[in-house]
Amino acid sequence: RAVWGAAATNGERGPIVAYVTSTAADRKTARDCKWVLNFLTNKKVPHAIIDLAARPEERQRLAPNSALPQLKISDGNSIGLETLVDLEDHGELDPLIRDALAH
């Protein structure tokens, strides 16, 4: 059984996967990617990290033309930063994460 943590970047995937890039073309994307990773770490959410700069073939797992960062929870649709913040603000994110980690 794999162990998931904030630094799971070896291609292993758990129920929560953050798709980011380490070579963003603009500052906003770079800032948003860093924010999502810090957010998950601060909430102590175990997650895998897929850096699309290092593994561009992983982009096919996301919706076409989706902005980064993206978060995939339990093989569901990927969600962007705005949706993530909205779910957190309305108290809907923790139950999603809890459910994903329980399976």
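The chain is numbered in sequence order, starting from 1. Values reported hereafter were calculated over all heavy atoms of this structure, with side chains retained and with hydrogens, waters and symmetry mates removed.
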Report task. Take Tyr19 and Leu71, measure what side chain to side chain contact (heavy atoms under 4.5 Å, CB included) needs, and give me the verdict at the end. Result -> CA-CA 6 Å; Tyr19 290 87; Leu71 195 65; over 6 Å; no

Counting C-beta onward and ignoring hydrogens, is there a side-chain heavy-atom pair between [X] and [Y] closer than 4.5 Å?
X: Leu84; Y: Phe39; result: yes
X: Trp35; Y: Leu81; result: yes
X: His47; Y: Thr41; result: yes
X: Leu52; Y: Thr23; result: no
X: Asp51; Y: Arg55; result: no

Query raised in the report: Do other residues, nucleotides or ligands put more than 12 heavy atoms under 6.0 Å from Asn77 CG?
Result: no

Report summary line: On a heavy-atom basis, the closest approach of Ala24 and Ala30 is CB-N, 3.5 Å

**Report entry** Where Ala48 and Gly14 come nearest, the two heavy atoms and their spacing
**Finding:** CB-N, 4.2 Å

Query raised in the report: Thr21 and side-chain contact (heavy atoms from CB on, under 4.5 Å): which partner among Ile50, Thr29, Asp32?
Result: Thr29

Query - Positive for side-chain contact (heavy atoms from CB on, under 4.5 Å) with Ile73, one of Leu87, Val17, Leu93 - result: Leu93

Find the distance between [atom1] ([X]) and [atom2] ([Y]) and round it off to the nearest 0.5 Å.
X: Ser66; Y: Arg61; atom1: OG; atom2: CZ; value: 13.5 Å
X: Asp26; Y: Leu68; atom1: CG; atom2: CG; value: 10.0 Å
X: Ile16; Y: Leu40; atom1: CD1; atom2: CG; value: 7.0 Å

Report task. Please identify each residue that fulfils side-chain contact (heavy atoms from CB on, under 4.5 Å) with Arg27, with sequence neighbours left out. Result -> none

Query raised in the report: Under the side-chain hydrogen bond (donor to acceptor under 3.5 Å, both in side chains) rule, what pairs show up with a residue in residues 78-88, not counting sequence neighbours?
Result: Lys43-Glu88, Gln70-Ser78, Asp86-His90

Query raised in the report: Does anything in residues 59-81 pair up under ring pair (Phe, Tyr, Trp, His ring centres under 6.0 Å), and if so which pairs, sequence neighbours excluded?
Result: none

Query raised in the report: Any sub-3.5 Å donor-acceptor pair from Asn42's side-chain atoms to Asn38's backbone N or O?
Result: yes

